[in-house]
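Report on the following structure.
In what follows, chains carry the letters A, B, and so on, assigned in the order in which the sequence lines appear, proteins first and then strands, with residues in each chain numbered from 1.
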Amino acid sequence: MQLAGMQLSDELFMPLEKEQMDIKKTSEPGLTYWRDVWRRLKKNKVAMVSLGIIILIFALSIIGPLLSPYSYSDQLRGQEKQWPSWQHPMGTDSLGRDMLVRVLYGGRISLSIGIVASLINIVIGVLYGGISGYVGGKVDSIMMRICDIIYSIPLMLYVILLTVVLKPSLTSLFELPLFSAFKSAGAGLISIYIAIGISYWIVTARIVRGQILSLKEQEYITAAKALGAGGPRILLRHLIPNCIGPIIVTTMLQIPDAIFTESFLSFVGLGVDAPVPSWGGLASDAVGGIRSYFYLLLFPSLAISITMLVFNLFGDGLRNALDPRIRK
Amino acid sequence: MAQYLVKRFAYSVLTLFIIITITFFLSHAIPGGVYTTEKPLPQSIVNNIKAKYGLDKPLFQQYLIQLNNIVHLDFGMSMVNEGRRVNDIIAQHFPKSALLGSFSILLCLILGIPLGILSALKRDRWQDNVSMIIATIGVTVPSFVVATLTQYFISVRLKWLPVMGFTSFKHMVLPAVALSFFPLAFIARLVRSNMVEVLEQDYIRTARAKGLSRGVVVFKHALKNSIMPVITYLGMLIATILTGSFVIEKIFNIPGLGRFYVESISNRDYTTIMGITVFYAAFLILMNFVVDVVYVLIDPRIKLKQ
């Protein structure tokens with residue numbers, strides 16, 4: 001047989017053996033959605049480096065204070081206000097406390113604020129946006145109008161007010177035996193969790209609503225309805241899991257915002273209770289003595305800035321990996 | 001248009017009403033009060049103080065009185081600063097915050113927009129990379145860090161500018177830079193991404209094809225559409241600058257309203273908290289209202305639904 005001058009042997013046109021006919025073996029294994037996302041994410045060097053740094057920051061904050069010979073509240077007499085040295089790599093503060101362990105421990109506090117506050121935001125936002133989008137009609141327009149109203153209020157004013165209100169109320173609440181378990185966490189910290197957590201859910205609610213509005217018209221929802229699934233089941237089992245991508249991205253971007261908000265609160269004197277450190281609190285304490293003890297401000301500020309940077313970069317990378325359409 | 005204005009205005013009033021209500025009940029939920037001192041005062045004095053400020057009345061009645069006063073634009077007397085009316089406090093301190101704020105906004109716009117345009121025009125070249133690195137640093141470094149660092153190096157070390165206070169233009173430079181750092185970076189990124197998008201549109205190609213120079217196309221055709229989103233961002237920009245002023249005014253020792261607000265909260269000065277919150281909220285709502293109206297007026301692509 002000849003084709004365009006090529007010599008093709010007849011063997012090529014013989015039927016295949018039975019075991020060679022398995023199509024599954026010849027094609028690549030199928031990729032699940034998350035594997036595909038991970039593959040795209042791996043190609044993005046900036047996002048991967050950021051992810052590495054995020055893991056490192058978490059590891060240092062969790063393990064670091066355990067390895068240090070000092071605790072965050074140990075006051076070393078005679079070693080006050082020391083510049084960085086081998087013994088104290090980040091120096092000591094005016095009470096002789098080792099700054100390295102304080103910055104690492106502050107990382108725990110700041111990261112926990114970032115995570116807890118964003119989780120509260122996400123839960124509220126997802127439920128609110130989900131209900132609004134799924135129910136639709138009048139309910140939707142009223143719920144979205146409420147969102148518009150909240151959105152036009154300067155939220156920082158309310159986070160400040162809420163913190164002021166919550167802190168003493170929680171302090172007295174934790175005196176009760178029922179809630180004494182929370183006492184060790186400190187009323188200041190918990191009031192910050194709540195104040196930030198219940199303030200910044202509007203963005204998530206809007207994003208989730210938009211997603212649900214388009215998803216609920218799809219055939220599989222009609223199928224679920226035909227099978228007799230009720231509203232809450234469709235919303236929780238079918239619709240919300242399909243919005244998981246945007247939800248994760250907003251969470252990632254809310255974590256640094258919450259850390260930033262906490263540092264802001266510390267700066268106006270509404271942070272966690274002394275002697276517990278947070279990055280914002282450490283930076284705020286350092287401002288008074290900046291002329292002589294510059295390093296006290298440097299390390300906590302670096303910690304905040306680097307954390308904000310890597311979370312933002314990773315969040316951007318994740319968004320691109322989850323939705324390849326918006327890549328440019 | 002008239003219908004739209006009326007509707008928007010009604011919403012603004014409703015928003016303001018909700019804000020007043022929330023603020024009132026929140027600030028009264030703060031345990032303790034002006035009569036809380038380190039040494040407990042005798043009950044008779046506490047009662048007198050309560051009577052003086054109307055705190056002995058039922059909460060709901062206090063709320064109605066407060067509402068009525070606000071409708072008449074009277075925020076009452078400060079509970080902590082003896083003999084000062086909240087209106088006077090606002091009138092005296094807000095102009096300083098406003099001056100600093102306007103200067104910061106100006107700074108954001110005259111630096112942020114060109115930075116974004118430059119980036120978009122030199123896309124993926126070194127100019128773009130440098131300005132986007134600056135913009136990324138801008139959104140990640142907190143304003144109080146910028147403020148303390150510049151204060152230390154430029155004022156204390158180099159002695160180029162005064163360290164604190166608020167008496168001349170020189171005093172305003174560093175606080176304004178610190179305040180505008182974040183929004184400036186945000187605007188640069190916003191303008192860049194919009195400019196990049198607009199430059200790929202058909203009407204830009206048409207303009208180039210009919211022989212217009214690149215400069216004319218960029219500055220007459222593309223620019224208008226790519227700075228549109230900056231106008232919608234203006235409302236939030238004002239809010240950012242306003243809340244930012246809380247810490248910046250503290251660091252630079254500026255006698256503005258932001259510092260007063262923070263102090264009034266820790267002093268449980270109800271009337272001042274109420275007054276300043278309502279004032280700030282009303283101010284921001286008004287600004288958002290103006291921005292929305294301006295946006296509808298200048299962007300013909302927006303058709304209002306009848």
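Residues of residues 301-312 of chain A lying under 4.5 angstrom from chain B, judged on non-hydrogen atoms, are A:S301, A:I304, A:S305, A:M308, A:L309, A:N312 by number. Listed in order of number, the residues of residues 239-249 of chain B that approach chain A to under 4.5 Å between heavy atoms are B:T243, B:G244, B:F246, B:V247.
The shortest non-hydrogen separation linking A:L297 to A:A283 is CD1-O, 3.5 Å. Of all heavy-atom pairs spanning A:Y193 and A:S112, the tightest one is OH-OG, 2.8 Å. The two residues A:G114 and A:I259 come nearest to each other via the heavy atoms CA-CG1, 4.0 Å.
Side chain to side chain, A:S266 and A:E262 meet the donor-acceptor criterion of an N or O pair below 3.5 Å. Side-chain contact annotation: A:S118 with A:Y200, donor-acceptor N/O pair under 3.5 Å absent.
The contact between B:F153 and chain A is made entirely by side chain atoms (from C-beta outward), counting heavy-atom distances below 4.5 Å. With a 4.5 angstrom heavy-atom cutoff, B:I18 touches chain A only via side-chain atoms. For A:D257, no part lies near chain B; criterion is any non-hydrogen pair under 4.5 Å.
Considering only heavy-atom pairs separated by less than 4.5 Å from chain A, the leading option among B:T23, B:L149, B:T136, B:I276 is B:T23.
For the pair B:F289 and B:L5, the minimum side-chain heavy-atom distance is below 4.5 Å. Residues B:R189 and B:V139 meet the side-chain proximity criterion, which asks for heavy atoms closer than 4.5 Å. A:S284 places none of its side-chain heavy atoms less than 4.5 Å from the side chain of B:F144. For the pair B:T21 and B:Y63, the minimum side-chain heavy-atom distance is below 4.5 Å. Residues B:T277 and B:Y261 have side chains in contact (heavy-atom distance under 4.5 Å, counting atoms from C-beta outward).
Taking the charged nitrogens against the carboxylate oxygens, B:R125 and B:D128 have no contact shorter than 4.0 Å, which rules out a salt bridge.
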